[in-house]
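Chain identifiers are assigned alphabetically (A, B, ...) following the order of the sequence lines, protein sequences preceding nucleic acid strands; residue numbering begins at 1 within each chain. Everything numeric here is computed off the predicted structure, so don't read it as measured data.
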Amino acid sequence: MTAVAYRSVRGMRDLVGADAALASHVGNTLIAVAQSFGYEEIRLPLIESAELFSRGVGEATDIVEKEMYTLSDRRGRQLALRPEGTASCARAMIEHGLLRGQPQRLWYAGPMFRYERQQRGRYRQFEQVGVEAFGIGGAAVEAELVQLANAAWRALGIHRHVSLEINTLGSGDARAAYRAALVDYLTPHVESLDADSRRRLTTNPLRILDSKVAATQRVLEGAPQLADFVDAPARAHFDALRALLDDLQVPYRVNARLVRGLDYYTDTVFEWSAGAIGAQDAVCAGGRYDGLVKRLGGAATPAAGFAIGVDRVALLCQEAEAEPARRPVDAYCAVLEERCMAWALAATQQLRELVPGLRLRLHTGGGKPAAQLRRADESGACWALIVGAQEVAENRIAVKWLRESRPQALMRVEELAVLLRTGAPVPERADAGGATGQAEQSASAANALAGN
RNA sequence: GUGGGCGUAGCUCAACAGGUAGAGCUCCGGAUUGUGGAUCCGGUGGUUGUGGGUUCGAGCCCCAUCGUCCACCCCA
């Protein structure tokens with residue numbers, strides 16, 4: 001490898017070509033699905049006060065303890081690059097007084113930052129699309145959130161590659177009581193626990209349940225069950241959610257050990273995972289966080305939401321071979337002689353104005369006709385437009401079909417515009433499963449978003 | 001933060017037991033003077049990640065460093 005003077009910073013990456021196209025496809029599709037459920041965009045800053053996260057996400061969480069990018073500004077204020085979106089979202093709701101009237105249903109998209117060791121599916125800057133519903137209690141909105149995520153998987157053609165786990169943490173009080181009971185049980189067994197779990201005994205005991213260390217799991221076999229501490233209303237709430245999911249025929253598994261790593265969750269938590277992408281298999285996680293708004297200084301407000309990891313979903317699309325056909329260009333214009341360039345520049349621009357959304361690339365830099373046609377083919381274009389001295393003399397453009405066998409034609413710009421507007425072939429789409437109507441719809445909505 | 005694997009052409013990879021680096025793809029040109037995909041021929045392209053060490057001699061061995069991958073951890 002030749003010595004490169006500058007490289008991207010560790011954990012940060014460039015997405016180029018097909019990777020960039022896939023990431024946008026995933027992001028746009030997720031957004032289109034959120035919008036189809038009536039969720040509205042909220043644009044949030046990348047930088048917040050560090051305290052927002054230590055308060056909101058929790059002082060003892062790994063995110064706050066060791067993964068935050070913190071910085072101080074010129075006045076010494078402690079700031080942080082956002083490690084997640086929910087706390088910002090809640091802060092914005094409180095700050096703008098948006099929780100006084102109707103409930104709010106919001107989506108956001110963008111990069112998050114966590115200082116972690118890089119590995120497949122885990123980068124220090126990563127993309128999330130999140131969905132949050134404020135001011136709505138009850139199981140129905142949680143079922144809607146699950147349904148929304150499920151619709152997203154279908155739209156992307158990866159629904160056969162993800163699985164859903166759900167659990168309930170009970171109310172805040174129940175959780176506190178369980179935490180105390182768990183500590184009481186584990187403390188005599190301290191010697192048998194691994195080092196991490198020992199440390200968590202005082203910082204975040206619930207997370208010990210997640211431990212993969214065999215010895216620790218053995219100790220846990222006799223531990224009190226969170227389910228036994230869940231109070232009757234929370235149990236009824238969870239049962240209601242399960243009934244709704246059953247009716248929707250969304251397959252799921254109840255995992256009593258599922259505990260989110262962020263402190264703000266209460267009652268329902270859920271996580272979609274995809275084993276096909278490796279150890280970092282969580283592609284979407286969320287739940288109810290009724291306590292967060294109050295914790296951040298607002299009025300007690302029920303809320304629920306989730307975030308999807310765009311990078312991981314993109315990875316899964318690759319694994320599942322659910323990548324859309326990449327076709328960055330509709331038409332490619334070859335210019336056979338340099339003296340025709342001014343004419344070609346004008347004609348192609350006229351076409352762009354006559355055909356909204358047309359992606360038309362003009363060949364520059366000369367070269368033989370054969371080489372230019374090869375470029376046209378490689379660009380993925382359906383049509384090659386050819387401009388040479390003859391064409392300019394006749395005030396016409398030669399059109400060659402690259403994807404079907406039809407004789408070449410000679411057309412005026414106006415005729416050509418009609419062809420390019422109406423003759424666009426239906427883009428073939430690899431249907432990775434039973435997703436039919438919905439997938440098509442969402443894909444076209446995503447195209448609309450992308451300005452196609 | 002911890003452990004392990006791997007860094008050779010733009011990309012994917014070869015190179016025996018240390019003996020002076022090679023292929024496919026890409027790219028450029030030609031066969032085909034204004035018409036793509038196929039085939040054939042030719043060509044460009046390397047301080048072997050970087051720095052040091054051992055050796056007559058290092059892509060190969062040793063040390064350091066950076067990067068990357070996998071796993072732990074954690075999470076989306």
_Short side-chain N/O contact from K368(A) to OP1 or OP2 of G36(B), under 4.0 Å_ = no

*Most 5' of A282(A) and V9(A) on RNA chain B, judged by nearest nucleotide*: V9(A)

*Verify whether one side chain among E323(A) and H25(A) offers a donor that lies under 3.5 Å from an acceptor in the other.*
no

*Can you tell me how far C1' in G52(B) sits from the matching atom in G45(B), rounded to whole Å?*
29 Å

*Using a distance-only test with no angle check, is there a side-chain donor-acceptor pair under 3.5 angstrom linking S49(A) and Q78(A)?*
no

_Rounding to an integer number of angstrom, what distance separates C27(B) and U54(B) when you compare their C1' atoms?_
41 Å

*asked:* If only side-chain N and O atoms count, and only distance matters, is there a donor-acceptor pair under 3.5 Å linking R82(A) with Y69(A)?
replied: no

_For Q104(A) and Y39(A), which I'm curious about, is there any donor-acceptor pair between the side chains at under 3.5 Å?_
no

*Which nucleotide sits closest to the side chain of P369(A): A76(B), C27(B), G34(B)?*
G34(B)

*Does one side chain, of Y289(A) or E132(A), offer a donor that lies under 3.5 Å from an acceptor on the other?*
yes

*asked:* Starting the side chain at C-beta, find the nucleotide from U35(B), C73(B), C27(B) nearest to Q119(A).
replied: C73(B)

_For U35(B) and Q372(A) - does any side-chain N or O of the residue sit under 4.0 Å from the phosphate oxygens OP1/OP2?_
no

*asked:* Using OP1 and OP2 only, check whether a side-chain N or O of R117(A) sits under 4.0 Å from C75(B).
replied: no

*Report yes or no: do Q349(A) and R352(A) form a side-chain donor-acceptor pair below 3.5 Å?*
yes

*C69(B) phosphate, OP1 or OP2: any side-chain N/O from Q118(A) under 4.0 angstrom?*
yes

*With respect to the side chain of A285(A), which nucleotide from C73(B), G36(B), A76(B) is positioned closest?*
A76(B)

*Using a cut-off of less than 4.0 Å, is there contact between a side-chain N or O of R10(A) and OP1 or OP2 of G67(B)?*
yes

*Please state whether the base of G36(B) and the side chain of E378(A) form at least one donor-acceptor pair under 3.5 Å?*
no

*Rounded to whole angstrom, note down the P distance from A31(B) over to U12(B).*
34 Å

*asked:* Among A71(B), U35(B), C75(B), which nucleotide has an atom closest to any side-chain atom of A279(A)?
replied: A71(B)

*When the C1' atoms of U20(B) and G30(B) are considered, how many whole Å apart are they?*
34 Å

*Name the residue closer to the 5' end of RNA chain B, choosing between Q390(A) and K66(A) according to the nucleotide with the nearest heavy atom.*
Q390(A)

*Confirm from the modelled atom types if Q408(A) and G34(B) form a donor-acceptor pair under 3.5 Å, side chain to base only.*
no

*Could you run down nucleotides 37-45 of chain B 5' to 3' and tag each one B, S or - for protein heavy-atom contact under 4.0 Å?*
B--------

_Tell me whether the side-chain N/O atoms of R312(A) come closer than 4.0 Å to OP1 or OP2 in A76(B)._
no

*Mind checking the P distance from G37(B) to G29(B)? Whole angstroms is fine.*
13 Å

